[in-house]
Amino acid sequence: MAEAVTPTGSATGGQSLRRLVPRIFSRAPSRDALEELMRTVRMHHPKGDIAIVERAYRTAAKAHASQKRQSGEPYITHPLAVAQILAELGLGPRAIAAALLHDTVEDTDYSLEQLTADFGDEVAMLVDGVTKLDKVKYGDAAQAETVRKMIVAMSKDIRVLLIKLADRLHNARTWGFVPPEKAAKKARETLEIYAPLAHRLGIQTAKSELEDLSFAVLHPKLYAEIDSLVKQRTPQREQYVHTVIDNVESDLRDLRIRGRVMGRPKQLYSVYQKMVVRGREFDDIYDLIGIRIMVNTVRDCYAVLGAIHARWTPIPGRFKDYIATPKFNLYQSLHTTVIGPGGRTVEIQIRTHEMHQQAEYGVAAHWKYKEQVAGGKTDSKAIDQDMAWLAHISDWQAETADPGEFLDSLRFEIGAKEVYVFTPKGRVVGLPAGATPVDFAYAVHTEIGHRTMGAKVNGRLVPLESELHSGDVVEVFTSKNPDAGPSQDWLAFVKSTRARNKIRGWFTKERRDEAVEQGKDAIARAMRRQNLPLQRLMSQDSFTAVAQQLRYEDVTALYAAVGEGHVSTQSVIEKVTALVRSEEENTSTGPIDLPAVGRSKAPRGGDSGVLVRGAPDILVKLAKCCTPVPGDEIVGFVTRGSGVSVHRADCTNAGALRDQPDRLIDVSWAPTSKSVFLVHIQVEALDRSGLLSDITRVLSEHHVNILSASVQTTNDRLALSRYVFEMGDTVHLDRVLNAVRRIDAVYDVYRVTSS
């Protein structure tokens, strides 16, 4: 259960939070921060352009001279701190300069044009990328759009995201100085988006601190309690760790291997996840005792592993070889858990120094290497491998039109556990846990996925829905038929976002092409039945104008809407003929030979779609208590001064009206293309985030004009919502209800016929 963030505005509240979580009240260090920054940059880039960093600092200090942070410090302390974080990650002088200037364009009078002239295109591009991310405000839909823009920006240059992560990290260190509601909102954003992205990019230092700071803001009392538990056990833990380290160092000396052995720091958020989310007791968490061993070569890694397993008994199922099969973010290490001295479990990580750099700094380690190589001429294979995931995400964000769906997919993608399988040629392919041969096929290539017809796993034929496991060798068979395509059934078992989007896209295109042809044929048949000049009408620009009038992209989209039943054929024909008639009246003085369309011999009562027997000109109103639509059995009732009121035959009010038979009148349905009917529907669903936006999106996609909506949530998390909207073609109602019924968490939707 989330703890409320204590208000920092009051004296007692501020003191309470300072006592529980002092980490979020960080202020700038007293020493010369600029000198510290310059030393760090020189250490990582001794031949780098240090002058550009000094110029960027002077420019930023001048631009922010009159500004202060909420902690009361001069504003320049923030860009300096962001630059220091990036310098420690090993980024080069141009990225450090961009970090110092990242707020100038947005928060001061210093323009992007001036920045480009002073510092060049590269620095300006990085600052502009960060500025564009900051301009979009977070909200339900806005958050999804912001993350989409972040993905686009970082796929062009990953340093944009690194600056943004460093910016968020320093802000997180000072959350104690901002209002609690704002701090809690930022902490949730960080846990949901920024920390997982840092993890996905392999930057464990940033990921761990972002998680701990967010945890501290959202659950200050739990944070303080776990911190206290860890500190209570620290003396005994350190004594035990020293014993284990002494034993391991003895083994290294016997093997004549040079290495470094250290205890692993404990992350409080990780302890919280295992205690609260997984229901584990504090004393039972495996890796409270953790040892990390760093050696020079891969051969040494396996030699040390053998020595440790010879000394202590390994726990079955707890050994992971991430050197042979790296993780999605290229993380490499050997993990094993053993029964150490005194029968206590010890988790041990073994890696080379280069692997450690990759584990701690991820893509930033590659940027450091790239910028250190003279002239920038370097083998970019490692960087390209690291960027492969970003390119993959960038591809499917372009294919996913709805920002909400994209954000949901991204959450799954960055949080999913992976399995690693092999192609017949030995290439490693990472897939989400539970993936199938179909996911594998789409990961290799879209066309291979579309044409897949069978698969072999480890040399044996298996069904396409079979679950793959790490180490499997997968081979897929494809159809040579040029018209081959995926099966709709695949959507029930594929796990990867890429496969799901590609399959959906294939069927959307196929269905759209069919709907376009059906729409064209339907319009042509209707025009022939009414003896309209087919060639004359179809060859004019009137269909384009009608498509714009009905808010469709083009004529093709209008044909598709007719084919799918979203718009009636008769409605389109009437609009086209009316448009042509008005054009000819403006350009010609002769008679118009277009015949009248859809005109009934008997006049109708307005646009109600109801014909009153014996009184065709009387005013007719559809009752709002039961909202009848064509197809319902109806009765008419003569009101005083308001014409005829039409009710459903089973309406509760109609029963009372039958007591006055002299005022009942025969009515029948006779809708025209201009008739509009009110429809009430009720949606019953399990409450979840984004449910309301999903329902309204589906209704708007089906061109439903919502007039009113009401939503309530019961104590047992059931969401009941009612919508009132207008509909011209009642045949379309079933399609709308079926579309809403397919929304995730919706378990019933039906038309309401009584208020």
Side-chain angles (χ1 to χ4, degrees), residues 565-571 574 598-684 695-696 698-700 702-711 720-741 748-755:
H566 296 169
V567 179
S568 70
T569 307
Q570 190 60 39
S571 172
E574 286 201 5
R599 184 168 293 163
S600 174
K601 294 179 181 178
R604 292 173 177 149
D607 284 334
S608 65
V610 175
L611 182 64
V612 180
R613 184 174 299 174
D617 295 327
I618 195 169
L619 176 64
V620 176
K621 288 187 176 180
L622 301 178
K624 293 185 178 179
C625 57
C626 57
T627 56
V629 298
D632 295 338
E633 189 179 345
I634 52 176
V635 295
F637 181 76
V638 180
T639 64
R640 291 184 175 88
S642 299
V644 173
S645 176
V646 177
H647 295 257
R648 284 172 55 96
D650 57 359
C651 177
T652 54
N653 293 330
L657 300 177
R658 288 194 173 92
D659 295 337
Q660 305 174 57
D662 56 317
R663 295 174 67 180
L664 292 176
I665 190 168
D666 287 338
V667 289
S668 60
W669 288 112
T672 70
S673 61
K674 296 180 181 178
S675 301
V676 176
F677 308 97
L678 284 182
V679 177
H680 291 225
I681 66 168
Q682 176 153 317
V683 181
E684 299 178 359
I695 295 172
T696 53
V698 168
L699 292 177
S700 64
H702 284 75
H703 302 279
V704 167
N705 181 27
I706 302 174
L707 299 179
S708 67
S710 62
V711 184
L720 305 177
S721 51
R722 281 199 177 192
Y723 301 87
V724 180
F725 52 82
E726 292 178 334
M727 181 165 286
D729 186 356
T730 54
V731 177
H732 184 39
L733 180 59
D734 286 340
R735 291 191 180 93
V736 173
L737 296 180
N738 287 333
V740 174
R741 198 170 283 118
D748 199 7
V749 54
Y750 51 87
R751 181 177 159 221
V752 179
T753 56
S754 63
S755 56

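In this structure, CD1 in Ile681 is found 5.5 Å from CG in Leu699, a value given to the nearest 0.5 Å. Atom CD1 of residue Ile634 and atom CG of residue Asp666 lie 10.0 Å apart, to the nearest 0.5 angstrom. Within the model, atoms CD of Glu633 and SG of Cys651 stand 12.5 Å from one another, a figure rounded to the nearest 0.5 Å. The line from NE2 of His647 to NZ of Lys621 is 12.0 Å long, rounded to the nearest 0.5 Å.
Side-chain atoms of Val644 and Phe637, non-hydrogen and from C-beta on, never get closer than 4.5 Å to each other. You'll find the side chain of Val740 reaches within 4.5 Å of the side chain of Val683, heavy atoms only. Under the 4.5 Å side-chain criterion, counting only non-hydrogen atoms from C-beta, Val610 is in contact with Leu622. Side-chain contact between Leu733 and Phe725 is present, with at least one heavy-atom pair separated by less than 4.5 Å.
Judged by distance alone, the side chains of Arg735 and Asn738 never bring a donor and an acceptor atom under 3.5 Å apart.
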So Val620 and Val667, side chain to side chain contact (heavy atoms under 4.5 Å, CB included) or not? Walk me through it. CA-CA 10 Å; Val620 176; Val667 289; 6.0 Å; no
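Looking at every heavy atom in both residues, Pro628 comes nearest to Val646 through CG-O, 3.7 Å.
In this structure, Arg741 contributes its side chain and Val749 its backbone to a donor-acceptor pair below 3.5 Å.
Scored by the salt bridge (Lys or Arg N to Asp or Glu O under 4.0 Å) test, Arg751 finds Asp632 as partners (sequence neighbours excluded).
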